There are 2 protein chains.
Amino acid sequence: MAVTLNDIARKAGVSLATVSLALNGSDKVNKDTKIRIKEIADQLNYVPNARARALVKKSTKTIGLVIPEVVNPFFAELAQSIKDYVRSQNFNVILCSTDYESEEELRYINMFRSGQVDGAIFACVGDMMAQHNDLIIKLVEENIPVVYVDRDGVDHDLIPVVKSDVYHAAYQAADYLISLGHQELAFAGQSVERLNGFKSALMKHGLNLKEENIYYDYLKMEGGYTVGEKIAARENKPEAVVCLNDEMAIGVIQALIAEKVKVPAEISVIGIDNIKMANFYNPSLTTVNIPVSQMGEKAAEILLKRISGQSLSPREKFFIFPTELVIRDSSRKA
Amino acid sequence: MAVTLNDIARKAGVSLATVSLALNGSDKVNKDTKIRIKEIADQLNYVPNARARALVKKSTKTIGLVIPEVVNPFFAELAQSIKDYVRSQNFNVILCSTDYESEEELRYINMFRSGQVDGAIFACVGDMMAQHNDLIIKLVEENIPVVYVDRDGVDHDLIPVVKSDVYHAAYQAADYLISLGHQELAFAGQSVERLNGFKSALMKHGLNLKEENIYYDYLKMEGGYTVGEKIAARENKPEAVVCLNDEMAIGVIQALIAEKVKVPAEISVIGIDNIKMANFYNPSLTTVNIPVSQMGEKAAEILLKRISGQSLSPREKFFIFPTELVIRDSSRKA
DNA sequence: TATGTTAATTTAAACGTTTTAAAAGAGGGA
DNA sequence: TCCCTCTTTTAAAACGTTTAAATTAACATA
């Protein structure tokens with residue numbers, strides 16, 4: 001159905017090889033024939049068959065991106081920035097969302113092994129994903145470069161990692177709240193790294209953390225909402241709460257407001273990520289900025305470097321971005 | 001580098017064809033050899049080369065999805081639902097975001113023509129995109145099925161369209177506000193169809209629309225914000241405003257609040273889409289629900305039907321979803 | 001013994017490119 | 001005429017599958 005090199009060759013009265021050469025701009029073919037062939041190709045509206053080309057060139061000009069879900073402002077922005085960079089280098093991206101299911105990630109890994117992509121970025125979090133690390137290493141050994149974004153690496157020499165300093169982000173958040181005079185802080189969300197950063201800030205100021213102030217709830221708005229409800233129901237409430245991410249923070253605030261607890265008058269709430277919504281929420285959300293777009297771009301850049309066979313500088317093998325406190329209206333002095 | 005059928009054949013001492021047949025479960029090959037071959041394949045960790053397979057089977061088990069941007073709750077949800085359905089049928093999706101640029105869409109169309117996908121869904125809006133309709137028809141004629149989502153179709157028999165009744169959605173929004181007793185209504189956003197729905201509601205109630213009450217601003221939160229500012233600056237403000245989508249509505253409200261205009265006490269604001277955030281915003285957003293997920297699933301279902309060569313019922317060629325008013329806290333009686 | 005049947009395996013072509021090595025053609029000089 | 005060089009074109013292999021058709025082997029039937 002579709003036009004092939006052969007069709008053009010027949011029409012131009014030359015061999016298929018000449019056509020291929022001509023269209024690829026080889027200087028071995030006569031100028032006039034080249035022009036003639038190009039004209040015919042245009043006229044027939046020829047588009048080379050990517051599958052056939054990929055088969056012989058061993059390159060698909062496509063990368064895979066594995067994220068937990070698109071419906072998540074953080075990962076959406078990550079995806080966007082990766083796509084933007086990669087696209088500027090004439091690559092495409094196959095978006096693979098796992099819905100936090102380990103099984104799904106496995107399917108994607110196999111798909112990548114089947115030669116569908118030239119490389120892949122894994123931005124999937126979660127402990128059960130760690131079990132795939134060896135499979136992913138196998139991927140790399142089969143010459144399909146991989147870079148991790150915000151996922152703990154295995155062996156930096158095989159798999160570069162691009163991260164933000166979320167430990168420090170949580171530290172900054174807690175430290176800031178304490179500097180406002182708050183003494184009893186709560187933490188919402190399940191993330192060892194962030195919880196540790198949170199803890200270390202308390203420790204530094206000689207505050208101790210009660211078990212009841214840690215809420216291991218689901219990392220989305222709904223999870224935040226239930227945390228907010230639990231807090232609202234307590235007699236002696238914490239003075240401030242650090243949330244794993246902005247979505248949770250919004251959920252927490254929403255629940256508190258619904259239960260007539262004033263934010264920030266009675267409780268300060270702070271998020272992490274600085275998604276766009278943080279600035280448009282009401283009250284606007286104090287948070288810690290994580291430079292997602294920059295991270296995505298960096299990861300993409302590193303991956304394409306790897307794909308084109310360039311070697312990486314030591315820094316690029318473990319690239320960590322700093323975070324920054326963004327003060328808005330969901331927090332205030334004690 | 002990667003393991004091929006040939007490697008397995010050599011190791012098993014049979015021909016390549018037998019291996020292929022065996023692994024594809026053909027009942028022509030002897031039970032024992034089949035088992036033996038499968039064992040060897042497992043042991044070598046064989047994954048068939050998708051490019052080669054695609055070349056001969058003329059099917060990639062992949063579809064393309066064209067949307068304006070991932071960083072947009074509406075399209076993110078659409079993408080998610082399409083991916084979910086398609087994935088359940090063992091297809092993958094290449095996500096293509098155009099950033100509202102016509103040029104980008106063109107590149108994607110050509111990529112689709114190159115045999116990268118078995119079919120495509122176009123959810124891209126915008127007038128300048130219409131100029132690609134003939135190219136897209138060419139795509140279909142080359143046997144790459146296409147379905148449109150929320151994009152005006154050209155010829156229903158070639159390109160099925162899945163829509164929601166946005167005209168009616170805007171009508172519902174305006175009609176509801178009028179029923180609350182509001183007389184002077186504003187509209188924010190550029191969408192002929194929605195504006196027309198809005199107008200028809202006014203007309204039905206004998207209200208006339210002043211030119212100054214139409215704000216043709218950008219369809220995102222920032223756009224909404226500037227609309228909000230403009231409204232706040234006016235002496236005689238409209239009593240209520242219908243926004244093209246929830247994002248704009250949030251922007252409008254945010255600006256109004258910043259300018260000390262109370263929502264909904266002084267102005268009612270209503271959105272369209274019913275994104276998740278609408279429910280978590282503060283005040284929670286009155287809006288008109290558009291069943292994105294259902295639309296995505298339907299579109300995917302229709303596309304896969306087409307790909308597998310099934311014919312469509314007349315209804316499937318133009319599938320329109322009803323919308324539904326969702327009353328929350330950003331609107332109230334005059 | 002010849003013939004037919006069935007089951008298992010293999011050969012070979014095909015998919016649409018790229019690319020290397022070889023062939024063909026055109027001049028030019030001796 | 002022969003040989004050399006240079007330019008242009010072509011043949012053919014390769015990429016890794018699938019699959020229709022051909023082959024082979026084993027065995028039963030007449």
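If you're wondering where the values come from, they're calculated on a predicted model, not measured in any experiment. Both backbone and side-chain heavy atoms feed into the values below; hydrogens, waters and symmetry mates do not. Proteins get letters first, then strands, A, B, ... in listed order; numbering begins at 1 in each.
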Q | Residues which pass side-chain contact (heavy atoms from CB on, under 4.5 Å) with B:Lys305, listed by chain and number, not counting sequence neighbours | A | B:Gln310, B:Leu312, B:Glu316

Please enumerate all protein N or O atoms sitting under 3.5 Å from an N or O of nucleotides 19-25 of chain C, with distances to 0.1 Å.
none

Can you tell me how far [atom2] of [N] sits from [atom1] of [X], to the nearest Å?
X        : N      : atom1 : atom2 : answer
B:Asp27  : D:dT19 : CG    : P     : 14 Å
A:Lys58  : C:dG16 : NZ    : P     : 20 Å
B:Asp7   : D:dT17 : CG    : P     : 9 Å
A:Gln116 : D:dT17 : CD    : C1'   : 14 Å
B:Asn6   : C:dT10 : CG    : C1'   : 13 Å
A:Arg53  : C:dC15 : CZ    : P     : 19 Å

With a 4.0 Å limit, can you tell me whether [X] has a side-chain N or O closer than that to the phosphate oxygens OP1/OP2 of [N]?
X       : N      : answer
B:Thr18 : C:dT10 : yes
B:Asn49 : D:dT17 : no
A:Thr33 : D:dT8  : no
A:Tyr46 : C:dT17 : yes

Q | A:Asp32, A:Asp42, A:Leu5, A:Ile8 screened by side chain to side chain contact (heavy atoms under 4.5 Å, CB included) with A:Ile37, the one that passes | A | A:Ile8

Would you be so kind as to tabulate the donor-acceptor pairs closer than 3.5 Å made by side chains of residues 50-59 of chain A, with sequence neighbours excluded?
from	atom 1	to	atom 2	distance (Å)
A:Arg51	NH1	B:Gly115	O	3.4
A:Ser59	OG	A:Asp118	OD2	3.3

Q) Restricting to pairs with a member in residues 3-17 of chain B, which pass salt bridge (charged side-chain N to carboxylate O under 4.0 Å, His left out), not counting sequence neighbours? A) B:Asp7-B:Arg10

Q.
Does anything in residues 131-144 of chain B form a salt bridge (charged side-chain N to carboxylate O under 4.0 Å, His left out)? List the pairs, not counting sequence neighbours.
A. B:Arg113-B:Glu142

Q. Which residue, B:Ser15 or B:Ala52, contacts DNA chain C at a nucleotide closer to its 5' end, judged by nearest heavy atom?
A. B:Ser15

Q. Which of these passes side chain to side chain donor-acceptor pair (under 3.5 Å) with B:Asn92: B:Lys61, B:Arg87, B:Lys83?
A. B:Arg87

Q) In degrees rounded to 10°, what angle is found between the helical axes fit to the five outermost pairs at each end of the helix from C:dT1-D:dA30 to C:dA30-D:dT1? A) 90°

